[in-house]
Amino acid sequence: MISLNIEKTFGFISKASVAAYEAQVKAAQEALENGTGKGNDFLGWLHLPSSISQEDLADLKATAQVLRDNCEVVIVAGIGGSYLGARAVIEALSNSFTWLQEKKTAPVMIYAGHNISEDYLYELTEFLKDKKFGVINISKSGTTTETALAFRLLKKQCEDQRGKEMAKKVIVAITDAKKGAARITADKEGYKSFIIPDNVGGRFSVLTPVGLLPIAIAGFDIEKLVAGAADMEKACGVNVPFAENPAAQYAATRNELYKSGKKIEILVNFCPKLHYVSEWWKQLYGESEGKENKGIFPASVDFSTDLHSMGQWIQEGERTIYETVISVEKVDHKLEVPSDEANLDGLNFLAGKRVDEVNKMAELGTQLAHVDGGVPNMRIVIEKLDEFNIGQLLYFFEIGCGISGYLLGVNPFNQPGVEAYKKNMFALLNKPGYEEESKAIQARL
Ligand SMILES: O=P(O)(O)OC[C@H]1O[C@H](O)[C@H](O)[C@@H](O)[C@@H]1O
């Protein structure tokens, strides 16, 4: 079970000030539960874990098996909420060198449609030339340029390389039930498709087919992932007392820190496999809260790596930050530091110790140093990196985000600001329908 420790924020904010959020948090939880708050048409994620059926999972697993049987490589084409959740889970659970291993137990998962780099796409299509590959085209709106562009290239290559019939088998669409170009293409081509429910926004969609299908293809147990999330759904339920509800505590603490001038939350890990969990978290909190000229800026670092790059800033830079550390209790493997007679590197004081013990002391030492340096610290402890625990972590952050957004007073479920760059890009590229905008933008250049 995930636990949250906020003790090391109390030198900066008081225990009483966090406790004072109880009523407000309760109101936020009830607004979520009763669908009476802002953005209430996007609450499909709230009870998603407990409502996923065995049939849903069986359908996903069957499709995953088709791709596993027919592909050496699977491209997950999507951006933002349409790829980060899958990537976060897959990378957290995979061997760090999985794509370099000779004997593969699952297709190699590659991501595309999340940038517009010509070199990235060229190099990808080159790499795929002699590969049996499949594609999952993931886009809720079905109109996102980055993803649509990559999919256009990949679809053509897949059909040319593998033939129309096989392409039909190994291309899957995950999109809206009715709207958007991805839906039209999937229906016309006869692709297997899954629906992203209307009331689940992209950044909350990891437990829909958006995340579950790629995760199943990569060989992970989606049943356990969902079970972990469902467990957290209970642990963070509206009837759980404030002091015992980790998501309520997290939401209250971060809002109080924000009020006290801590404008930046840095999500910290000591395990590189969690890098994409942080990327997923940044979208979740950034898009949900960064609006109306307010919102905590979500940042992230991978320690101890970034202690050697960002550590100086965190220790002694502007005191507007706090840290939330994801601490993994148990590692999967055992590796001891060997003893060396010559001891030229002076490391014999570590001989016989587990590498993880060194890492844990780095973690503890960092926490104490940063708190001494004026950085409040929260700790989320998860038992280990497996499907159940990751499922818990995902839902913890989702519900924490819903509550936190309501405490902040914004609509956590829209993202109007994301359209500004798209409008300009379409105007600059002379997209039909943008004639006026094109003229106006040209006049500014
Ligand atoms: O799934 P899609 O409709 O392609 O959207 C993909 C992503 O891009 C959008 O611009 C939004 O800002 C994100 O919230 C979304 O997750």
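Note that the structure is predicted; figures quoted are calculated from it, not measured. Order of listing sets the numbers, starting from 1, for every ligand and every atom in it.
Here the protein heavy atom with the shortest distance to atom 6 (C) of ligand 1 is Ile79 O, 3.2 Å. The nearest protein atom to atom 5 (O) of ligand 1, hydrogens excluded, is given as Thr144 OG1, 3.6 Å; this is a heavy-atom distance. Atom 10 (O) of ligand 1 has Lys422 NZ, 2.6 Å as its closest protein atom, hydrogens excluded (heavy atom only).
When each atom of ligand 1 is checked for a heavy atom of Ser139 under 4.0 Å away, the hits are 1 (O), 2 (P), 3 (O), 4 (O). Atoms of ligand 1 found under 4.0 Å from any heavy atom of Gly81, numbered from 1 in the order shown, are 16 (O). Counting atoms of ligand 1 from 1 in the listed order, those under 4.0 Å from a heavy atom of Lys140 are 1 (O), 2 (P), 3 (O), 4 (O). Residue contact check: Ser141 has heavy atoms under 4.0 Å from atoms 2 (P), 3 (O), 4 (O) of ligand 1. Shown in contact with Val418 at under 4.0 Å from a heavy atom are these atoms of ligand 1, numbered in order with element: 10 (O), 12 (O). For ligand 1 and Ser82, the ligand atoms under 4.0 Å from any heavy atom of the residue are 1 (O), 2 (P).
In this structure, Lys38 forms no cation-pi arrangement with Tyr406, as its terminal cationic atom is not both closer than 6.0 Å to the ring centre and no more than 45° off the ring axis. Cation-pi check for Arg254 over Tyr250 is met; the charged atom lies under 6.0 angstrom from the ring centroid and within 45 degrees of its normal.
Note: Phe204 and Phe413 meet the aromatic proximity criterion, with ring centroids under 6.0 Å apart. In this structure, Trp281 has its ring center closer than 6.0 angstrom to the ring center of Tyr285.
Note: Lys164 NZ to Glu159 CD = 4.0 Å, rounded to the nearest 0.5 Å.
Taking a 4.0 Å cut-off on heavy atoms, Gln283 registers as neighbouring ligand 1. Residue Glu419 places no heavy atom under 4.0 Å from ligand 1.
Using a 4.5 Å heavy-atom threshold, the side chains of Ile116 and Leu149 count as touching.
A donor-acceptor contact closer than 3.5 angstrom is absent between the side chains of Lys422 and Thr145.
Remark: Lys155 NZ is packed, more than 12 non-hydrogen atoms of other residues, nucleotides or ligands lying under 6.0 Å away.
Atom 12 (O) of ligand 1 has its nearest heavy-atom neighbour, among Lys179, Gln415, Glu287, in Glu287.
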